[in-house]
Amino acid sequence: MPWRETVDPYRIWLSEIILQQTRVAQGLPYYLSFVEAYPTVFDLANAQQEEVLKLWQGLGYYSRARNLHETAQFVANELQGVFPSSYKELLKLKGVGDYTASAIASICYGEVVPVVDGNVYRVLSRYFNIDTPINSTKGIKKFKELASTLIDTKNPANYNQAIMEFGALQCKPQSPYCIICPLNEGCEALKNGTVTSLPVKLKKVKVKNRYFNYLIFNIDGNKTVIQQRTGKGIWQNLYEFPVIESSAKIDIDGITGDQGFMDLMNGMDYEISLYQEEYVIHKLSHQHLYTRFYIVEIQKNPLISEEQKVIHVSTIAQYPVPILLGKFIDRFY
DNA sequence: AATACGGGGAG
DNA sequence: CTCCCAGTATT
């Protein structure tokens with residue numbers, strides 16, 4: 001991995017943010033494009049947030065990108081481009097939690113602080129046969145303390161990366177091949193037959209259904225309308241087409257009768273058609289989005305609100321959008 | 001202590 | 001389908 005070839009705090013920080021809740025295979029190309037686009041923390045700090053979000057597009061958990069940018073500006077402008085040099089100080093950076101602060105401090109500065117990520121939880125819960133839920137307050141404290149007693153004080157960087165890689169490759173979630181495991185003699189879970197039931201995690205989230213009806217305006221054949229998502233919720237600061245969210249499935253009548261739609265049309269002539277009968281079901285970890293697209297043909301600009309804008313379709317690719325819309329745009333334009 | 005926050009890959 | 005990923009911030 002390229003981030004194993006450096007101890008530059010900027011690059012280690014960048015890689016760790018990208019890899020939060022993200023598989024190495026998925027994050028690697030993003031890391032490479034970020035390093036190329038922003039070789040230093042100053043380059044990242046000087047970028048527009050929209051450009052950063054565009055590079056982040058498709059990686060998910062977009063607050064990471066917003067915090068990444070904000071922290072880059074903080075380090076560049078307030079700290080003269082020099083990252084904090086201890087676990088305690090790193091922890092104060094936005095987007096840097098216990099895991100990331102430990103990773104940077106150990107890898108870059110040799111500080112003796114253990115990382116406890118999903119891999120470490122799995123390895124430790126199995127080796128010591130601990131069934132305390134890893135996402136409970138007690139579990140988080142217990143595993144961090146246990147990890148502190150195990151870390152190699154002579155080479156914390158190597159130890160931390162080694163135990164994570166051991167968890168990813170050998171002590172993996174499903175079907176770990178315990179028969180060839182170098183640690184099988186001391187593994188308490190193997191001894192007790194609890195390997196497959198560990199680690200224990202508290203209840204999973206319940207999924208909510210939402211219905212998104214996107215309006216794809218076709219103005220003069222070469223323009224459309226987009227808007228930036230603001231406020232709370234998913235996809236903050238990303239762009240999207242005007243959308244009518246409904247509490248259940250609706251069709252053309254539901255769209256044309258919608259107040260927001262009528263405000264937008266402002267009495268002008270239009271032709272509306274359903275792009276595709278079948279709903280595109282976009283699954284997030286905590287929401288299932290049932291989406292449909294309506295094509296709205298008009299000859300002049302609709303009455304757009306403050307946060308909406310009319311753009312030429314040729315420029316649509318420069319806007320950061322959720323992957324759901326990125327796929328639609330690729331098909332449609 | 002719970003919940004929100006993405007998208008994808010593996011089985 | 002389910003699980004979970006080199007987690008963090010907010011409520």
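Proteins come first, then strands; the chains are lettered A, B, ... in the order of their sequence lines, and each starts at number 1.
Panel note: side chain A:Gln170, backbone A:Tyr177; a donor-acceptor pair is recorded below 3.5 Å. Checking side-chain atoms of A:Arg126 against main-chain N and O of A:Thr194 turns up no donor-acceptor pair under 3.5 Å.
Within 4.0 Å of A:Asn160, counting heavy atoms only, lies no atom of the nucleic acid at all. Within 4.0 Å (heavy atoms only), A:Gln287 reaches sugar-phosphate atoms of the nucleic acid but no base atom. Base contact: A:Thr22 has a heavy atom under 4.0 Å from a base atom. If you check every strand for non-hydrogen atoms under 4.0 Å, A:Ile18 touches nothing. Note on A:Lys206: nothing from the nucleic acid sits closer than 4.0 angstrom, heavy atoms only. Among the heavy atoms of the strands lying under 4.0 Å from A:Lys327 are primed sugar atoms or P, OP1, OP2 only; no base atom is included. Among the heavy atoms of the strands, none lies under 4.0 Å from A:Gly27. Nucleic acid contact for A:Gly233: sugar-phosphate only, since backbone atoms but no base atoms lie under 4.0 Å from a heavy atom of the residue. Counting non-hydrogen atoms under 4.0 angstrom, A:Val120 reaches nothing in the nucleic acid.
The side chain of A:Lys201 places no N or O atom within less than 4.0 Å of a non-bridging phosphate oxygen (OP1 or OP2) of B:dA2. Side-chain nitrogen and oxygen atoms of A:Lys283 include at least one within less than 4.0 Å of the OP1 or OP2 phosphate oxygen of C:dC1. Residue A:Trp235 has a polar side-chain atom (N or O) positioned under 4.0 Å from OP1 or OP2 of B:dG7. Side-chain N/O atoms of A:Tyr62 include one lying less than 4.0 angstrom from OP1 or OP2 on B:dG7. An OP1 or OP2 oxygen of B:dG7 is reached within less than 4.0 angstrom by a side-chain nitrogen or oxygen of A:His282. The shortest distance between the side-chain N/O atoms of A:Gln21 and the OP1/OP2 oxygens of C:dG7 is below 4.0 Å.
Projected onto DNA chain B by closest heavy-atom contact, A:Lys208 and A:Leu324 fall at different nucleotides, the more 5' of which corresponds to A:Lys208. Both A:Val96 and A:Gln26 lie near DNA chain C, and the one whose nearest nucleotide falls closer to the 5' end is A:Gln26. Both A:Gln174 and A:Lys138 lie close to DNA chain B; mapped to their nearest nucleotides by heavy-atom distance, the more 5′-ward contact belongs to A:Lys138.
Side-chain N/O atoms of A:Gln318 and A:Thr315 include no donor and acceptor closer than 3.5 Å. Side-chain contact, A:Tyr99 with A:Gln20: no donor N or O sits under 3.5 Å from an acceptor N or O.
The side chain of A:Val24 has C:dA6 as its nearest neighbour among B:dA4, C:dA6, C:dC5. Set against C:dA6, B:dC5, C:dC5, the side chain of A:Arg122 has C:dC5 as its closest nucleotide. Checked against C:dC3, B:dG6, C:dT8, the side chain of A:Ile234 finds its nearest nucleotide in B:dG6. The side chain of A:Ile323 has B:dG7 as its nearest neighbour among C:dT8, B:dG7, B:dG6. Among the nucleotides B:dG7, B:dC5, C:dA6, the one closest to the side chain of A:His286 is B:dC5. In this structure, the nucleotide among B:dG7, C:dA6, B:dC5 sitting nearest to the side chain of A:Asn119 is C:dA6. You'll find that the side chain of A:Trp3 is closest to C:dA6, out of C:dC3, C:dA6, B:dC5. The listed nucleotides are B:dC5, C:dG7, B:dG7; the one nearest the side chain of A:Asp117 is C:dG7. The nucleotide whose nearest atom lies closest to any side-chain atom of A:Pro173 is, among C:dT8, C:dT11, C:dC4, C:dC4. Taking the side chain of A:Thr100 as heavy atoms from C-beta on, and the options C:dC5, B:dC5, C:dT8, the nearest nucleotide is C:dT8.
Between the NZ atom of A:Lys172 and the C1' atom of C:dA6 there is a distance of 17 Å, given to the nearest Å. Summarising the geometry, the separation between OH on A:Tyr61 and P on C:dA9 is reported as 13 Å, rounded to the nearest angstrom. Spacing between atom CG of A:Leu238 and atom C1' of B:dG7 amounts to 13 Å, rounded to whole angstrom units. The separation between A:Arg229 atom CZ and B:dA4 atom P is 15 Å, rounded to whole Å. Summarising the geometry, the separation between CG on A:Leu202 and P on C:dC3 is reported as 14 Å, rounded to the nearest angstrom. Separating the CD atom of A:Glu70 from the P atom of C:dA9 is a distance of 11 Å, rounded to the nearest angstrom. Distance A:Asn135 CG to C:dT8 P: 14 Å, rounded to the nearest Å. To the nearest angstrom, C1' of C:dT8 lies 12 Å from NZ of A:Lys94.
Aromatic ring centres of A:Tyr214 and A:Tyr294 lie farther apart than the 6.0 Å criterion allows.
By the 6.0 Å and 45° rule, A:Lys54 does not stack over the aromatic ring of A:Tyr319.
For the C1' atoms, the distance from C:dC3 to B:dG6 is 15 Å, rounded to whole Å. C:dC4 and B:dC5 have their C1' atoms separated by 15 Å, given to the nearest Å. For C:dT8 and B:dG8, the P atoms lie 22 Å apart once the distance is rounded to whole Å.
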Return a table of donor-acceptor pairs under 3.5 angstrom between the side chains of residues 25-38 of chain A and protein atoms on other chains or two or more places apart.
from: A:Tyr30; atom 1: OH; to: A:Gln57; atom 2: O; distance (Å): 2.7
from: A:Ser33; atom 1: OG; to: A:Pro29; atom 2: O; distance (Å): 3.2
from: A:Ser33; atom 1: OG; to: A:Tyr30; atom 2: O; distance (Å): 3.0

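Judged by distance alone with a 3.5 Å cut-off, a donor-acceptor contact links the side chain of A:Arg23 to the base of C:dC4.
Here the rule is side chain to side chain contact (heavy atoms under 4.5 Å, CB included) with A:Phe241, and of A:Leu215, A:Asn213, A:Ile316 only A:Ile316 fits it.
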